Student: 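Pasting in a structure now, in structure tokens, and then I'll have a few things to ask.
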Amino acid sequence: TFKYTRTVHTPSENMRRLMYQHHYKNDIYAISNGVSPFFQKMDVEKPTELKDKFVILMTGRLSGEKRQDLIIKAVGHSKYNDKIQLIFCGQGPRLKEYQRLSKKYLKNPAIFKFVKQAEIRDIINYSDLYIHASDIESEAIACIEAFTCGKVPIISDSKLSATNYFSLSNHCLFKAGDYMDLKDKIEYFMEHPEEVKELSKKYIEYGKTFSLYDK
């Protein structure tokens with residue numbers, strides 16, 4: 001059907017590049033799907049039970065290509081295992097597997113929950129770090145929502161993931177499939193809070209370029 005279409009829209013530059021690599025001849029334009037202005041930095045207190053924890057969040061379907069398993073193993077091998085609380089917002093076929101993995105590796109078993117938009121905004125804002133570990137991603141609106149709220153992301157450098165284009169620092173990328181490299185990046189940001197604050201400001205400004213409303 002593409003041969004009858006002059007212009008094709010992809011949600012990311014990465015998808016545009018992949019289409020050209022597969023010999024599509026159309027005019028292809030990368031245009032983000034954008035993020036709602038509902039997502040913004042807010043002062044949200046951590047729940048009482050999480051006040052002494054470093055909260056790491058990933059949102060998205062609990063499936064193989066999203067690689068939540070890497071995050072669990074990375075934290076499980078970290079010297080800060082006992083200080084970290086993982087939150088996975090989403091549902092999917094790997095839920096029970098990830099729950100078992102969580103109990104095996106983590107001092108604080110991960111929290112798995114499926115929440116409405118208002119609650120996910122609160123969770124993003126009280127989290128300390130966001131991770132997007134997916135091997136395959138066309139754009140990852142969830143990651144954009146997170147850094148629009150000022151969360152510094154750690155992102156897989158997978159060639160099949162468009163999300164790695166969102167990296168504003170070498171410390172924001174980890175080697176795809178390598179949970180030990182992810183562990184190192186997590187520990188780096190835990191040990192450099194001032195750098196997190198500076199990157200957070202940059203990400204808030206960067207996030208404005210994805211806003212759905214005309215400024």
Side-chain angles (χ1 to χ4, degrees), residues 43-115 119-135 140 142-143 145-147 149-158 163 167 169-197 199-200 203:
D43 291 326
V44 179
E45 287 192 16
K46 287 180 181 176
T48 303
E49 65 273 18
L50 299 179
K51 285 189 181 296
D52 63 339
K53 297 293 188 290
F54 187 89
V55 177
I56 296 177
L57 170 68
M58 179 172 173
T59 61
R61 183 171 166 78
L62 301 172
S63 57
E65 74 278 4
K66 299 296 184 183
R67 300 309 306 268
Q68 286 92 347
D69 60 304
L70 294 175
I71 305 175
I72 294 170
K73 291 177 181 177
V75 173
H77 285 81
S78 173
K79 59 187 174 184
Y80 300 119
N81 189 347
D82 62 328
K83 300 181 184 300
I84 296 173
Q85 177 63 61
L86 292 182
I87 299 179
F88 295 111
C89 290
Q91 55 188 352
R94 293 290 179 92
L95 173 59
K96 290 185 178 179
E97 177 187 337
Y98 290 159
Q99 286 175 328
R100 288 194 296 269
L101 206 62
S102 167
K103 290 177 182 177
K104 176 181 178 181
Y105 282 100
L106 303 178
K107 297 287 181 62
N108 305 298
I111 296 170
F112 296 88
K113 52 172 36 178
F114 184 74
V115 298
E119 186 176 354
I120 189 61
R121 184 178 66 177
D122 286 348
I123 296 172
I124 291 171
N125 273 289
Y126 71 63
S127 295
D128 296 291
L129 203 62
Y130 181 84
I131 297 178
H132 210 82
S134 301
D135 285 334
C143 186
E145 291 171 349
F147 66 67
C149 294
K151 295 300 109 172
V152 174
I154 303 178
I155 304 161
S156 168
D157 71 356
S158 170
T163 321
S167 170
S169 164
N170 289 335
H171 296 293
C172 291
L173 284 179
F174 75 94
K175 296 174 186 176
D178 188 339
Y179 63 82
M180 291 302 288
D181 189 48
L182 175 56
K183 172 194 76 73
D184 291 342
K185 299 298 165 54
I186 291 170
E187 291 180 351
Y188 177 85
F189 281 126
M190 291 182 73
E191 293 167 359
H192 295 83
E194 291 304 315
E195 186 167 342
V196 172
K197 288 180 182 179
L199 275 171
S200 174
Y203 269 109

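Every value quoted in this text rests on a predicted model; they were computed, and no experiment measured them.
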Student: K197 and E194: salt bridge (charged side-chain N to carboxylate O under 4.0 Å, His left out), yes or no, with the steps?
Tutor: CA-CA 5 Å; K197 288 180 182 179; E194 291 304 315; 3.6 Å; yes
Student: Heavy atoms only: give me the nearest M58-I71 pair and the separation to one decimal.
Tutor: SD-CD1, 3.5 Å
Student: Does any part of the side chain of N125, heavy atoms only, come nearer than 4.5 Å to the side chain of D43, both counted from C-beta?
Tutor: no
Student: Just wondering, do R100 and K103 contact through their side chains at under 4.5 Å, heavy atoms?
Tutor: no
Student: Would the number of heavy atoms belonging to other residues, nucleotides or ligands and lying under 6.0 Å from CG of N170 be above 12?
Tutor: no
Student: Do Y80 and I186 have side chains that get closer than 4.5 Å, going by heavy atoms?
Tutor: no
Student: Looking at every heavy atom in both E97 and R94, which two are closest together, and how far apart are they?
Tutor: OE1-CD, 3.0 Å
Student: Evaluate V196 against H192 for side-chain contact (heavy atoms from CB on, under 4.5 Å), listing each step before the verdict.
Tutor: CA-CA 7 Å; V196 172; H192 295 83; 5.7 Å; no
Student: Where is the tightest heavy-atom contact between G177 and L70, given as atom of each residue plus distance?
Tutor: O-CD2, 3.5 Å
Student: So do the side chains of C172 and F147 get within less than 4.5 Å of each other, counting heavy atoms only?
Tutor: no
Student: Got a donor-acceptor contact below 3.5 angstrom from the E187 side chain to the S78 backbone?
Tutor: no
Student: Does a side-chain heavy-atom distance below 4.5 Å link E45 with K51?
Tutor: yes
Student: Please check: side-chain N/O of N81 versus main-chain N/O of L106, any donor-acceptor pairing under 3.5 Å?
Tutor: no
Student: Taking the side chain as everything from C-beta on, heavy atoms only, tell me whether Y98 gets closer than 4.5 Å to F112.
Tutor: yes
Student: Atom CZ in F189, atom CG in D184: separation rounded to 0.5 Å?
Tutor: 12.0 Å
Student: Are the side chains of P153 and H132 in touch, meaning some heavy atoms are under 4.5 Å apart?
Tutor: no
Student: Using the side-chain hydrogen bond (donor to acceptor under 3.5 Å, both in side chains) criterion, which residues pair with K66? Sequence neighbours excluded.
Tutor: E137
Student: Can you tell me how far apart CD1 (I84) and NZ (K107) are? Round to the nearest 0.5 Å.
Tutor: 10.5 Å
Student: If I compare all heavy atoms of C89 with all of I123, which pair ends up nearest, and what's the gap?
Tutor: SG-CD1, 3.8 Å
Student: Which residues satisfy the side-chain hydrogen bond (donor to acceptor under 3.5 Å, both in side chains) test with E195, sequence neighbours excluded?
Tutor: Y188
Student: For E145 and Y130, what are the C-alpha separation, side-chain angles and deciding distance, and is it a side-chain hydrogen bond (donor to acceptor under 3.5 Å, both in side chains)?
Tutor: CA-CA 10 Å; E145 291 171 349; Y130 181 84; over 6 Å; no
Student: Return the CG to OG distance between N108 and S102, rounded to the nearest 0.5 Å.
Tutor: 9.0 Å
Student: At their closest point, which heavy atom of K46 faces which heavy atom of K53, and how far apart are they?
Tutor: NZ-O, 2.6 Å
Student: Quick check for you: to the nearest 0.5 Å, what is the distance between I131 atom CD1 and I56 atom CD1?
Tutor: 4.5 Å
Student: Return yes if some donor-acceptor pair links the side-chain N/O of Q68 with the main-chain N/O of A133 below 3.5 Å, else return no.
Tutor: no
Student: Measure the shortest side-chain to side-chain distance between K183 and F174 over non-hydrogen atoms and say whether it is less than 4.5 angstrom.
Tutor: no
Student: If I take atom CZ from residue R67 and atom OH from residue Y179, how far apart are they, to the nearest 0.5 angstrom?
Tutor: 11.0 Å
Student: Minimum heavy-atom separation for L129 to F54, with atom names?
Tutor: CB-CE2, 3.9 Å
Student: In Å and rounded to the nearest 0.5 Å, what is the CG to CD distance from L50 to Q85?
Tutor: 5.5 Å
